[in-house]
Amino acid sequence: MGSEGASDVVRWAAFSCVLVPLVLVGYGSSAAGAAGSALGLAAVTAVCRVLLRQSERGAARLHSEQCCPHRGRHGRTGSGAHRGGHRAGRGAPVD
């Protein structure tokens with residue numbers, strides 16, 4: 001599910017936060033009970049939205065690490081000459 005799918009889920013959840021209390025009042029529930037239901041649904045929607053965003057960020061981070069792995073500070077790209085290696089200088093025996 002991409003970013004578009006997650007935003008659709010959040011939109012439907014917000015819609016239900018409005019629709020459910022109206023239906024409850026329409027079927028004879030008290031206004032206080034319907035308001036409590038609306039607040040509960042809004043809280044669950046907010047938590048789900050935060051979790052979806054964190055999941056999307058984690059998936060994007062995982063995808064970027066798989067595409068182009070970070071080599072780190074001392075990563076080497078090949079087996080060529082290395083910087084700072086020991087070299088035979090003057091007076092050093094050469095094999």
In residues 22-45, what donor-acceptor pairs under 3.5 Å come from side-chain atoms, sequence neighbours left out?
unit_1	atom_1	unit_2	atom_2	d
S30	OG	G33	N	3.0
S37	OG	G33	O	3.1
T45	OG1	L41	O	2.7

Quiz item: Any chain of hydrophobic side-chain contacts (each under 4.5 Å) joining L51 to V9?
Solution: no

Practice problem: Would you indicate whether the side-chain heavy atoms of V50 and R53 approach each other to under 4.5 Å? | Solution: no

